[in-house]
Amino acid sequence: MSTAEGRPPRRPSLDPASGTIRNCVRTALTQVGDPHPNVIVAVSGGADSMALLHACAFLHRRGELHAHAVTVDHGLQPSSAEVAHRVVATAESWGVSAEVATVTVDAGDEGLEAAARDARYSALETARTAHSADWVLTAHTRSDQAETVLLGLMRGSGTRSLAGMALQAGRVIRPLLDVDRASTVASCRAQNIEVWNDPMNVDDSFARVRARSLLESLEADLGQPITANLARTAELCRADADCLDELAEPSAAAVRGRTEVPLSEVADLEDALASRVLREWLISLDVPAQSFGAARISELLALIRDPGSQGRAHTRLSLPGDTEVIITGQVLRFRREAKAD
């Protein structure tokens with residue numbers, strides 16, 4: 001495509017938002033010690049991921065990284081296949097190879113959002129392995145971080161949940177956690193980037209959508225930067241949670257995989273450490289983490305602390321999947337098939 005004078009069309013000049021996003025990608029990769037990586041860019045077609053893809057495409061052309069875009073088609077919207085192929089075409093027009101990963105989402109007991117997330121990350125990891133990539137980059141923003149913290153508060157979760165999302169989790173990097181959603185939208189507008197607005201993002205049957213709406217209302221009504229403050233809260237909680245996790249790790253390592261644990265190995269720990277050890281213990285015995293929350297761990301810890309429970313023949317706490325924990329004398333026992341006796 002050319003102008004009437006035969007010259008190629010002039011590209012938009014670099015706007016502040018796009019410049020910030022490029023620098024955030026550079027900084028994130030430097031922080032994980034990989035300034036020239038091979039990356040998979042996860043792209044949904046929304047403003048956040050298209051702004052990330054645009055930044056990565058620029059860095060790809062400059063040789064600062066090698067990018068391959070992957071858009072996951074969950075099949076949850078009538079137009080999802082069309083959107084996915086449009087994303088691929090856009091990426092390729094920017095000089096980045098791209099592909100569509102089609103997945104099947106079975107909501108099951110965990111719910112549609114969680115099932116879609118699991119299927120998406122599985123597809124992205126498969127692509128990362130297939131392309132021998134170092135990292136998967138996702139476009140989670142500071143706005144997403146604030147929503148995550150708010151959801152954790154609503155559930156009454158502990159410090160780890162309130163810590164929100166980390167810059168790096170395994171082979172996943174989230175370079176835009178210091179960028180708010182308004183910036184990604186501004187970048188796309190300034191660069192004339194077509195974006196897709198997922199109808200699920202305005203469907204208030206989903207808790208995250210309701211949390212987003214609540215945040216917007218709170219900021220408007222209170223006149224306070226609540227999104228930024230919740231993101232800051234996540235940083236503070238993450239530092240505390242990382243410290244406590246490190247302190248709890250020796251005790252957690254000692255109980256992982258054991259179906260019988262002396263009470264003394266848990267009872268003598270401070271609550272903040274004991275709760276972490278108990279959680280790690282149950283997870284190591286294949287009790288799904290999403291099946292028990294902080295309240296159930298607190299209940300188990302209270303039984304361990306209760307001298308009366310140790311004097312009875314046994315005290316039980318039922319767990320998901322027809323499993324249970326039994327306190328008998330001075331021993332904590334895990335049983336996979338709960339029985340009535």
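Every heavy atom of this structure was used, including side-chain atoms; hydrogens, water molecules and symmetry mates were not.
- The shortest side-chain heavy-atom distance between L300 and L319 does not fall under the 4.5 Å cut-off.
- A salt bridge does not link R238 to E235: none of the charged nitrogens lies less than 4.0 Å from a carboxylate oxygen.
- In this structure, T126 contributes its side chain and S122 its backbone to a donor-acceptor pair below 3.5 Å.
- Proximity of L332 to W281: side-chain heavy atoms (C-beta onward) are separated by under 4.5 Å at one or more points.
- For A211, the side chain to side chain contact (heavy atoms under 4.5 Å, CB included) test picks out L150, L151, with sequence neighbours left out.
- Formation of a donor-acceptor pair under 3.5 Å by the D73 side chain with backbone atoms of V100 is not found in this model.
- Using a distance-only test at 3.5 Å, with no hydrogens or angles considered, no donor-acceptor pair links the side chain of S187 to the main chain of S183.
- In the hydrophobic clustering of this structure, L278 groups with V287; members are Ile, Leu, Val, Met, Phe, Trp, Tyr whose side-chain heavy atoms approach within less than 4.5 Å, directly or through other members.
- By the 4.5 Å heavy-atom criterion applied to side chains, S251 and V255 are not counted as neighbours.
- Distance check: R128 CZ to N38 CG gives 10.0 Å after rounding to the nearest 0.5 Å.
- Here the NE2-OG1 distance, from H36 to T30, works out to 8.0 Å after rounding to the nearest 0.5 Å.
- Sorted by first and then second residue, the ring pair (Phe, Tyr, Trp, His ring centres under 6.0 Å) pairs involving residues 40-63 (not counting sequence neighbours) are H54-W94, H60-H66.
- In this structure a side-chain-to-backbone donor-acceptor pair under 3.5 Å is present from S49 to S44.
- Here the side chains of E265 and R258 are in contact, with some heavy-atom distance below 4.5 Å.
- The shortest side-chain heavy-atom distance between S143 and D180 falls under the 4.5 Å cut-off.
- When only modelled atom types and interatomic distance are considered, R26 and N23 share a side-chain donor-acceptor pair under 3.5 Å.
- Note: R22 CZ to L14 CG = 4.5 Å, rounded to the nearest 0.5 Å.
- Between the side chains of R335 and T259, not a single donor N or O lies within less than 3.5 Å of an accepting N or O.
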